[in-house]
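Everything on this sheet refers to the single structure shown next.
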Amino acid sequence: MPTCATLVPLGNQKECPGQGQKDRGFFIFTPEKEPEMSTRASLDPKAQEKADRLYKIRHTTAHVMAEAVLRMFPEAKIAIGPPIDNGFYYDFDLPRKLTEEDFETIEEHMRAIIQGKHPMTKEVITRNQAKARFNDQPYKLELVDAIPEHEEVSLFTVDTFTDLCRGPHVENTKDLNWKAFKLLRIAGAYWRGNSDNPMLTRIYGTAWEDPKEMREYLDHLKELEKRDHRRLGRELDLFHFEDDNPGQIFWHHNGWTIYRLLMEFVRESIGRQGYQEVHTPSVMPKSLWDRSGHWEKYQEHMFVTESEKRLFALKPMNCPGHIEIFRQGLKSYRDLPLRMAEFGSCVRNESSGALHGIMRVRGFVQDDAHIFCTEEQISSEVALFVELLKGMYKDLGFDEASIIVKFSTRPEKRVGDDATWDRAEGALAEACKQAGLEYEIAPGEGAFYGPKLEFTLVDALGREWQCGTIQVDYQLPSKERLDAGYIGEDGNRHTPVMLHRAVLGSLERFIGILLEHYGGAMPVWLAPIQAVVIPVAPAFYEGAQALAKELENEGWRVLADLGDERMNNKIRIHQAQKVPYMLVVGEQELASRTVAVRTRKNDRIDGLSVDEFKAMIDEKIQKKDVL
RNA sequence: GCCAAAGUAGCUCAGGGGUAGAGCAGCUCACUCGUAAUGAGCAGGUCGAGAGUUCGAAUCUCUCCUUUGGCUCCA
């Protein structure tokens with residue numbers, strides 16, 4: 001089964017002026033290739049050429065679609081239309097609502113345009129000429145103004161449609177295949193990605209060199225659905241949601257087993273770095289949130305409650321609680337760095353449209369910790385954290401190439417003065433330098449109290465999810481806020497810097513990522529059920545049960561399947577349940593204390609002694625092997 | 001929250017103004033059965049919720065809820 005792919009270097013994405021800044025390098029599905037989860041590895045020259053061709057095809061197809069839409073709605077206002085992963089989109093301001101029933105008409109127009117074999121011509125003009133050309137296109141006028149002074153202003157024309165565009169494009173629509181594109185969906189998108197701006201109608205499409213490729217891509221998408229964590233959650237009996245309680249997860253035994261194992265893994269890992277673990281209340285008074293700044297900056301995301309005329313809120317973050325603990329007793333510089341961890345249960349009132357399976361929910365648990373330290377200790381603490389994160393991600397199956405690191409700078413909505421932000425951002429940048437960490441800048445994406453590093457992983461469909469993070473905070477511990485003080489070497493009172501950090505981010509989201517990464521076939525150490533003992537016939541049920549019991553007593557998660565089904569069906573069922581090992585036992589095995597091992601990958605090892613099997617999976621678990 | 005689509009049995013889906021169907025799963029019974037489905041029988045749904053149109057609504061209309069794909073926001 002082909003999964004995803006490789007990437008075009010990041011430079012390519014900015015070909016179309018005004019394209020949303022969030023668009024990144026794009027993933028290319030390559031039909032012939034056997035694939036892993038996406039990596040950011042660079043392409044070989046041949047693949048690069050193909051990527052460039054597809055880029056042009058998709059870009060030009062976006063223009064062709066724009067012309068088709070203008071044929072239907074001559075009064076439409078056009079915005080932007082870049083190529084993206086596997087396709088393209090174009091944003092329009094239309095006189096009426098569009099539905100998917102309109103696709104047929106648009107596609108017909110597009111096919112006609114492509115078959116017209118029109119050349120794609122480029123002209124370079126001045127800014128004023130451009131403004132005159134687009135005087136009835138307000139979005140284009142804005143884009144002209146946004147083009148930096150030193151860059152040329154160019155137009156591309158295909159057939160009757162001229163667009164402000166940097167290119168590149170195919171030379172002629174005969175380079176497009178009229179059977180190898182398809183409009184996929186309609187979505188609203190805010191002009192320039194800003195929710196204060198009007199919402200435009202975005203049409204997404206896919207385009208390829210030939211129809212076979214497109215077919216393979218569409219089939220591939222269907223395959224990917226099998227890795228969807230929501231589907232796996234149901235099929236493997238991991239968790240569920242209730243319609244009247246959106247964004248709140250009900251963990252079933254299997255799912256909770258993974259959850260518990262992951263928590264234990266976190267405990268062991270951070271324990272080695274000298275963290276202490278604490279637990280703070282879920283309900284905290286408004287007075288605290290007032291002081292922390294959350295009431296002012298974060299209230300819309302908080303569930304608020306009342307008791308005897310006093311307001312409280314369910315905690316959306318754990319930081320204030322940790323400061324409360326830090327404040328107990330007098331702290332000395334000798335106590336720093338103090339690393340305080342909590343499996344912090346957070347509740348956030350996320351907007352309904354943002355919810356997504358277990359990846360984005362309203363109730364979740366962070367593997368949170370706050371490091372109270374001096375300014376001088378920031379870089380060594382960041383370095384230590386990066387080391388911890390990389391090690392843990394590696395154990396969980398994510399190598400460095402699959403982690404995207406972003407440096408998020410000060411947002412508009414923030415607390416603290418600019419001088420302090422300068423220091424915080426500077427300290428974090430310096431720490432990255434010392435840790436040898438490469439990152440991309442995400443301007444304005446920081447937390448309201450400080451800049452952050454984000455460690456992002458990718459799901460089955462190539463969507464990015466922030467998981468780990470470390471954030472530098474001079475604000476919350478300050479005297480004006482929550483007032484965490486310590487006595488320094490000089491005998492005076494000082495304010496520590498607080499580093500907010502999480503490795504997995506939220507257990508929920510990380511499990512979602514893990515499920516999609518492994519397609520539900522969890523590594524043996526994380527599998528809810530590690531082995532099922534299958535007797536070949538009812539006569540061996542007792543022996544099978546005894547073996548399962550023995551393994552269970554020794555700490556493995558093992559079941560015996562004593563149902564009415566025949567052995568063949570049991571194998572099928574447990575394989576579908578992604579159980580790593582099936583132990584088939586009959587007369588021969590029971591007599592000789594051996595097992596016939598069958599793995600979920602269909603490998604078979606017959607005549608393995610029970611002790612050999614134990615040693616084998618013990619080793620796999622120790623080494624955190626997949627199978 | 002915004003734009004688009006969807007919601008029929010536990011799951012996947014068919015049907016469609018006269019009051020609901022399949023496969024799988026479930027339950028019961030039978031079968032001494034060696035590496036991806038043993039057979040037979042039974043049971044399962046106020047067709048997401050509410051209102052309206054109609055002699056009659058699961059089917060048409062409206063409102064709401066949830067979910068999916070995007071946008072915004074975020075662990």
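The sequence lines fix the lettering, A, B, ..., with proteins before strands; numbering per chain opens at 1.
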A:Arg260 and A:Glu264 ion-paired at < 4.0 Å: no
For A:Glu425 and A:Thr409, test the side chains for any donor-to-acceptor distance below 3.5 angstrom and give the result as yes or no. no
A correct dot-bracket answer for RNA chain B, with pairs being Watson-Crick or G-U at under 3.5 Å, [ ] for crossing pairs and | for inter-strand pairs, is (((((((..((((....[..)))).(((((.......))))).....(((((..]....))))))))))))....
#### Entry: Check: A:Asp368/A:Asn318 side-chain N/O donor and acceptor closer than 3.5 Å
yes
Nucleotide by nucleotide, nucleotides 31-44 of chain B touches protein heavy atoms under 4.0 Å in the pattern (B base, S sugar-phosphate only, - none) B-BBBBBB------
**Message:** Work out how far the P atom of B:G34 is from that of B:G45, and round it to whole angstrom.
**Reply:** 38 Å
*For nucleotides B:C29 and B:U19, find the distance between their C1' atoms and express it as a whole number of Å.*
35 Å
Quick tally for nucleotides 62-68 of chain B: nucleotides whose base has a protein heavy atom under 4.0 Å get B, sugar-phosphate-only ones S, the rest -, giving ----SSS
Discussion item. For the base of B:A75 and the side-chain ring of A:Phe364, does the geometry meet a stacking cutoff of under 5.5 Å between centres and under 30° between planes?
Written reply: yes
May I ask you to say what A:Arg234 touches in the nucleic acid, namely base, sugar-phosphate or nothing, with a heavy-atom cut-off under 4.0 Å? sugar-phosphate
Of the listed B:A4, B:G70, B:A75, the closest approach to the A:Lys97 side chain comes from B:A4
- [ ] Remember a base hit wins even if backbone is also touched, and classify A:Thr99 as base, sugar-phosphate or nothing at under 4.0 Å, heavy atoms.
- [x] sugar-phosphate
*Is NZ or CZ of A:Arg58 both nearer than 6.0 Å to the six-membered ring centre of A:Trp208 and within 45° of the ring axis?*
yes
chi for B:G44 classified (syn = within 90 degrees of 0, anti otherwise) as syn
Residue pairs meeting salt bridge (charged side-chain N to carboxylate O under 4.0 Å, His left out), one or both in residues 570-591 of chain A, sequence neighbours left out, come to A:Asp561-A:Lys570
So the salt bridge (charged side-chain N to carboxylate O under 4.0 Å, His left out) pairs with at least one residue in residues 531-548 of chain A (sequence neighbours excluded) are none
Notebook entry, point to check: Could A:Arg202 and A:Tyr89 be counted as a cation-pi pair, given that NZ or CZ must be under 6.0 Å from the ring centre and within 45° of the axis?
Noted result: yes
Quick note, ring-ring contact (aromatic ring centres under 6.0 Å, His included) partners involving residues 579-609 of chain A, not counting sequence neighbours, are A:Tyr581-A:Phe613
